[in-house]
Structures are given as C-alpha cells and as structure tokens.
4 protein chains.
Amino acid sequence: MKLKDESKKQAILEKTIDIVFEKGFAGVKMADLARMVGISPSTLYVYYRNKEDLIISISTELIKNVSQRSNKEVKEGLPYKLTLKAVWLYWLNFGVNHSKEMSFLQQLKQSPYYKLIPREIKDEKAKLINDLLELGKKEGLIKKVDNEVLSAVIGSIMGETVKLILAKNIKLNENDNDLMFSFVWDAIKS
Amino acid sequence: MKLKDESKKQAILEKTIDIVFEKGFAGVKMADLARMVGISPSTLYVYYRNKEDLIISISTELIKNVSQRSNKEVKEGLPYKLTLKAVWLYWLNFGVNHSKEMSFLQQLKQSPYYKLIPREIKDEKAKLINDLLELGKKEGLIKKVDNEVLSAVIGSIMGETVKLILAKNIKLNENDNDLMFSFVWDAIKS
Amino acid sequence: MKLKDESKKQAILEKTIDIVFEKGFAGVKMADLARMVGISPSTLYVYYRNKEDLIISISTELIKNVSQRSNKEVKEGLPYKLTLKAVWLYWLNFGVNHSKEMSFLQQLKQSPYYKLIPREIKDEKAKLINDLLELGKKEGLIKKVDNEVLSAVIGSIMGETVKLILAKNIKLNENDNDLMFSFVWDAIKS
Amino acid sequence: MKLKDESKKQAILEKTIDIVFEKGFAGVKMADLARMVGISPSTLYVYYRNKEDLIISISTELIKNVSQRSNKEVKEGLPYKLTLKAVWLYWLNFGVNHSKEMSFLQQLKQSPYYKLIPREIKDEKAKLINDLLELGKKEGLIKKVDNEVLSAVIGSIMGETVKLILAKNIKLNENDNDLMFSFVWDAIKS
DNA sequence: CATGAATGAGCGTTCATTCAT
DNA sequence: TATGAATGAACGCTCATTCAT
C-alpha cells in the first residue's frame, strides 16, 4: 500500500480513532497502528515526533473539525430553545453517525493526554455552547449556574444518550429527538 | 509488617483504589501496588490469580459494599420525590466523601475490565435505582423511558456534579442540594 | 548458568569491563552484556536501575578498589623520589596486569559518564597523588605547578607507557622500570 | 542554500568536527549533520558511501592538513632543542587555536574508526616528529627509546597541556611556553 | 504463607541507509 | 546532483508473572 502524504496522515488519524474506540487510549500501540495503516513503525515517526505528539495532534485536529462544523448549525433569528435544540441535535446526530470520533473525544477527556492539549483548542470547542448558555441565562430562560456545571450536565446526558442509542440500535425519529432534548431542556431551564 | 489475611486484602483494595484515583487503571502496576501495601509482588499472587483477577475482585467487592449501603437509605412512607432525593443525596454525599471509590467506579466503566465483571454484580448495583424508577413510572411521576437511559442520565449528572463540587471545593448546603437535585428531577419528571 | 547474588554482580562487572576494553563505552549494549553474563537482559535491571546506573556503579566500584590498593604502596620513611617511584611502579604494574581495568578508567574520563560520578569518588582516587605532589613541592623537589597539570602529565605518560608495553609485549625488568620512571621524574622535578 | 561541490564537502567537514567536539564520535548522527550543513541526509550519501567512509575521509583530510602545516615550522640551522621547541610551540598554538580539530584527532585515536585509517596517513602525521627524534638520538641529546614511546609521551603531555590551558583560559606568555616545554624536554632529554 | 530472584514478551524510539523522482 | 519518504534492525527499558526456597 503506497499512499501519498496527506492521505497517509488521514489514514493514521482514522486508524488511531478506530483503536481508541475498540481498546481505549492505553490500547494504542505504535506497532499495531503502523501495521493497520500499512506502514513501518518508524514511518510513524516521520509524521509525529512521538506517541504523545501523535495523540495530541490527532486530538487537536479532531476537535477543530467538529467545532467548525457545529458552529454552522447556529442560524440567526430562531427562538432560543430551538437554537439550543438545533445544536443539541446536531451533536446528537454527529455522535450517532460518528460514534468513534465521539468516543475518542470522551475518552480523551479522562486520559492523561487531555491536559496536554493547548488551552485555546479546548476553548474553541467550548466557546459555542458557553455563548449559548450565557445568552440563555441573560434572557432568564435557564438556571443561573456555572457554565461548567451546565455544559457538563448537557455533555454527560448526550454522551450516555448516544451510547444507549447505539447499543440499542435505535433510529432517531422526531419523537425520540424531542424526548432526548427534553432531558436537557428540563434539566437546565429555570 | 505482619497483617492477617483479611486485613491484607483490605490494604490491597485500598491501595489499588488510591492508585486508580491518582493514575487511572493504566497506572496500576503490580510491583508499585505491592510496594505501597508493604508486601512482595509475588505475595499478590497468593491472593489473586493475576492482575485481571485482582481488579475484578476489588471492583466486585467495592460494588457490593456501596450497593448494600445505599439500600439502607430508603425509608418507608416518604413521598416519591423525597425518597428519590434521599437516595440521590446519599449518593452525592458518598461521592463527595468517598471520591476515590466514586472515581474508581466511574473509571471502571470505561476500562477494559468492566465487561469482565459478572452481570449479577452489575445488576445488584442497579437494582435499587431501577426499582425506584419503575415505581415512579407506575405512579406517572417520571418520564416513561428505558431505565437504562434514565439511570445513565442520573448517574452522569451525579458524576459531573461530584467532580465539580470537589474541583471547586464547595461545601454542600441546603440550597446547593436543592439545586443539584433539581437538575435530576426536572430532567426525568414527566 | 545459575550464579548467586554477589558473584553475579561480579560477573556483570567483569563482562562490562571486557566490553569496554574491546569496543569502548558506546559498545556496551545491555542485551550483549546480559548474554555474556548468561542472564536475561531484564535481570540486569534487577541489579541496576538503568544503563547509566550500571556504568556509574561499576566505575565507582572500580575506582574504589584501585584507590584502596594503591594507598597500601606508600611506606613510611622512604626518600621522596623512591616513594613516588613505588607508587608509579605500582600503577604501572597494575596497568600492565589489569590492562582492561586501566583501559576502562582511561576511557571513562573521556566518556559522558565521567561527569556523573560523585565528586567524592573522583577525589578519593586523586587524593594520594595530590598529597604526594604537595609534599614534593613543599620540599622543593618538583616543579611548582598546578597539581592538575602535574598529575595529568604523569597520568598521560603512564597510560601511553602501559599501552606501548602491552602492544610490544615487553616484560618489565629493573632497567625498564628505571627508564619509564625517569620520564616522569625528569618531567616534573624542579 | 546552494553550495558547490568542494565548499559543501568543506562544510560537512567543519560541522562534523563541531559535533565531535561537542558530543564526541558517538554523537555524530547523519541526520543532525545534514541539518547543520543545510542539506538533506541523503545528500551526504552523494559525497560519502556511508558513515564510516565519511568519518575516515574527514579524518584523513584533517590529518593531511595539519601534517603539511607543521612541516613548514622546521627552519634549517637552528640548534636541536630550539627546533624541537618551535615544533612543539607550533603544535601547542595550533591545539589552542584549533581546539576542535585537536579534540577531533585525539578522540579519533580512541574511537573504533582509528584502526580503519590507512597506515600511510598515520605515518605521514608521525613522520616529522619521528625524523626529529631520530636526529636527537643520533646527536645524543635525547633518551634512546622507541620513537613510539617518545612521541606518545610528547603527544600526551601536549594534549593535557592544551586541555588545561583551555579549561583555565590562560593566555600563553613566554614563561608559560618555557614551563610547558620544560616538561617535554626534561622528560626526553638524555 | 511469603518472597527474592529471574525472565519473556513486548513497547516506544532511534538512526543509518535506500530508492524513486 | 539533490532529496523527501520510507524502513529494517537495533536498543533501552517495563512489567506481569513464575518458581524454588
């Protein structure tokens, strides 16, 4: 398998996500990863300085990707609750359709690598939801609680919801969407 | 250091929890653990067949302990919401006062060891809350949703809440209790 | 080959010296060394924390050994020149009969490990000769030059002399001894 | 960076000497060297078959350079001791002013590469001093000892002297010159 | 019961070298 | 001539596990 430049980096990224999904961060072995990509272990070190750099770079790339995409879900002019719902649904769908990436990001937060990711990258990911929550609080629509608490609650509900949807192999219909969002909305609305 | 059987097993359990709290499951090294307990690495194999057996046994023991304790919190004759709140508060307090055990159980769920724990043990942990949720649904007080979904939501909110309380070093007062429980109740009530 | 404790450490020491003699410090490979001693590479790490620790420990041991032995060569009551000659001859003989150890110590000085050896160990080795040189200067017998210069000159002459004796397979007789010492004495006498 | 053949070879030579001075022969990494020269590692293989060839070629070049230069220091008609002193001083000055090259040549002698250098090149370096020593012996001025012994003594004293001068940052004045040379002369004179 | 000694299997990483362009 | 990409062969080191005592 002779792939070129960027596509090889892409392959490394994908296979790493696969491994983390199946075996967690501790299961990422450079030799295994290389074999899955179809390259020599030493070739990995052409692209990344070491394992840590590989994980951090891939994490950063992933966070940037999903952050950019979810920003596009915010349409002007919608009522607050619907905007929040749109973002929520986007993330829920993303989580269901990109469960490996979602799993990667969740496991990342509890891995020792998380603290090594540049603050600006982390902030980028949190900015959209934080802005939304601030707006909701200013309009008196949601509980006046620390953003960290609110977004942790939302995030954890979403994570578990995605896991359960996937585990039970449910297709999301309109009713399901409403139900799932009601957990969030009811939890945080004032 | 001369310890009798059971107290040595207890020491192993405690030190393992300490390590998982500080470094996660990947940080549990048989040699380190033995040193912390004050015994030889080979002695660990007198008590447990191998590392997996050690982790599984300790996890099982821990789950049994906390399950038994929370059962005692259910008093007869209280209104439903208050019973649920009592259980919630018990767990919240437990999480705050036994943060290491709590952390262990949370990390366990995402570790490769979780799937190796006997189903009956996992069920035992879930039984109390499942019974409570069934009751609530029968009385029409909470959303008619799969118990797994509901308990996952409750569990995840609690986990994050405990984390935040500990991170911010907040003492729980009556108002905080009410606020935190409102997240849960508002989320699941019908 | 099943050796016990101290004899195994001794075997590691000897084989390490052999390797340094034949291939220099850069040629010391943990796996090679282990094979030569007849143990597993990981067993080396039972005795030494890592390669650096192994080299430093062995160097320290060696320096201590030879320092102690040469101290015994100083007899009271001899004229200064003869005392110096006795020490010199002791070292020359030691160098010829323990050429591997000698080579080890010389190569050590130019290896990156030298700076990691505790100062007190290095001082111990230099103390005897420094004391002798100080005495010689006080009695007006040798050049009033920095001890470091003098001992470097003596040491370098000795090192080269030993090398040449070995290369040419010369047996030392009384005349040779006198000749070799004359290099040193003539160089430093005032 | 566009360099012509010879100047690129010169750059490789200089940077190699720099590396050996700073980190020793074991510290010469083809990739590092290439980066310092401003070329690609593979370009090194356009100029040299492999690392060994590179080291040997550079060593040979260096030996030739310094041999040629010191030959010019021998003026006809001077008394023997002064001729020897002139050569000695030339080398001492060379060692102090070209400490990197000097260090390279000294380290070379103890590196595994030394035995791979053609005998004729080594002889070329020794020829001048050997001729001088032969002359001295014929005139009955210096000890009738093997040239190798004598030149090793002279060389080792010089090496240490240069090291000490550099370490102590001494400027050479007339007295110092005399003192240092006295070590040599006193050692070898008959 | 307890352990000191030993190890095999594996991991992350380095580096001289090759090769198609 | 020059090089970017790739790699095989090592190397230092870790760690769960075994075994004789």
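Residue numbers start from 1 in every chain, and the chains themselves are labelled A, B, ... in the order their sequence lines are given, proteins ahead of strands.
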Legend entry - Distance test, side-chain N/O of Tyr47(A) to OP1/OP2 of dA5(F), below 4.0 Å: no

Inset, instruction - Report the distance from atom OH of Tyr45(D) to atom NZ of Lys51(D), rounding to the nearest 0.5 Å. - result: 8.5 Å

Legend entry - Interatomic distance, Lys51(A) NZ vs dT13(E) P [rounded to whole Å]: 8 Å

Legend entry - d(CG, Leu33(B); C1', dT17(F)) in whole Å: 14 Å

Inset, instruction - Check the distance between dC15(E)'s P and Arg35(D)'s CZ and give it to me in whole angstrom. - result: 11 Å

Inset, instruction - Might you work through the side chain to side chain contact (heavy atoms under 4.5 Å, CB included) test for Thr16(A) and Val37(A), ending with a clear yes or no? - result: CA-CA 9 Å; Thr16(A) 303; Val37(A) 175; over 6 Å; no

Legend entry - d(CG, Asn50(A); P, dC15(E)) in whole Å: 14 Å

Legend entry - Lys8(C) vs dA5(E): side-chain N/O to OP1/OP2 distance below 4.0 Å: no

Legend entry - Of Leu108(A), Ile117(A), Asn50(A), the residue whose pairing with Ile56(A) passes side-chain contact (heavy atoms from CB on, under 4.5 Å): Ile117(A)

Legend entry - Rounded distance (nearest 0.5 Å) linking atom CG of Leu62(C) with atom CZ of Phe104(C): 6.0 Å

Legend entry - For atom CG of Asp53(B) and atom P of dA16(F), their distance in whole Å: 15 Å

Inset, instruction - Round to the nearest Å and state the distance from Tyr48(C) atom OH to dG12(F) atom P. - result: 16 Å

Inset, instruction - Specify the separation, in whole Å, of atom CD1 of Ile12(C) and atom P of dA5(E). - result: 12 Å

Legend entry - Ser42(D): partners by side-chain contact (heavy atoms from CB on, under 4.5 Å), with sequence neighbours left out: Ser40(D)

Legend entry - Nearest-nucleotide 5' precedence on DNA chain F, Val46(D) against Thr43(A): Val46(D)

Legend entry - Neighbours of DNA chain F within residues 16-29 of chain C, by heavy-atom distance under 4.0 Å: Val28(C), Lys29(C)

List, with names and distances, any nitrogen or oxygen atoms from the protein found under 3.5 Å away from nitrogen or oxygen atoms belonging to nucleotides 18-21 of chain F.
none

Inset, instruction - Keeping the roles fixed (side chain from Thr43(D), backbone from Ile39(D)), state whether a donor-acceptor pair exists under 3.5 Å. - result: no

Legend entry - Watson-Crick or G-U stems involving DNA chain F, each at least 3 pairs long, distances under 3.5 Å, ordered by first number: E:2-21 with F:2-21

Inset, instruction - Would you kindly compare Glu52(D) and Ala31(A) by the position of their nearest DNA chain E nucleotide and give the one closer to the 5′ end? - result: Ala31(A)

Legend entry - Side-chain N or O of Ser40(A) closer than 4.0 Å to phosphate OP1/OP2 of dG8(F): yes

Inset, instruction - Could you point out which residue of Ile17(B), Asp18(B), Ile12(B) forms a side-chain contact (heavy atoms from CB on, under 4.5 Å) with Lys15(B)? - result: Asp18(B)

Inset, instruction - May I ask you to establish whether Lys122(C) and Tyr114(C) are in a cation-pi arrangement, using a distance under 6.0 Å from NZ or CZ to the six-membered ring centre and at most 45° from the ring axis? - result: yes

All N/O donor-acceptor pairs, side-chain side in residues 23-36 of chain C, below 3.5 Å, sequence neighbours left out:
{"residue": "Asp32(C)", "atom": "OD1", "partner": "Arg35(C)", "partner atom": "NH2", "Å": "2.9"}

Inset, instruction - Could you verify whether a donor N or O on one side chain and an acceptor N or O on the other, from Glu14(A) and Gln10(A), lie under 3.5 Å apart? - result: yes

Legend entry - Residues forming a ring pair (Phe, Tyr, Trp, His ring centres under 6.0 Å) with Tyr48(C), sequence neighbours excluded: none

Legend entry - Whole-Å distance separating the CE atom of Met30(C) from the P atom of dG10(E): 21 Å

Legend entry - No-hydrogen, no-angle side-chain donor-acceptor test under 3.5 Å, Ser103(C) and Gln107(C): yes

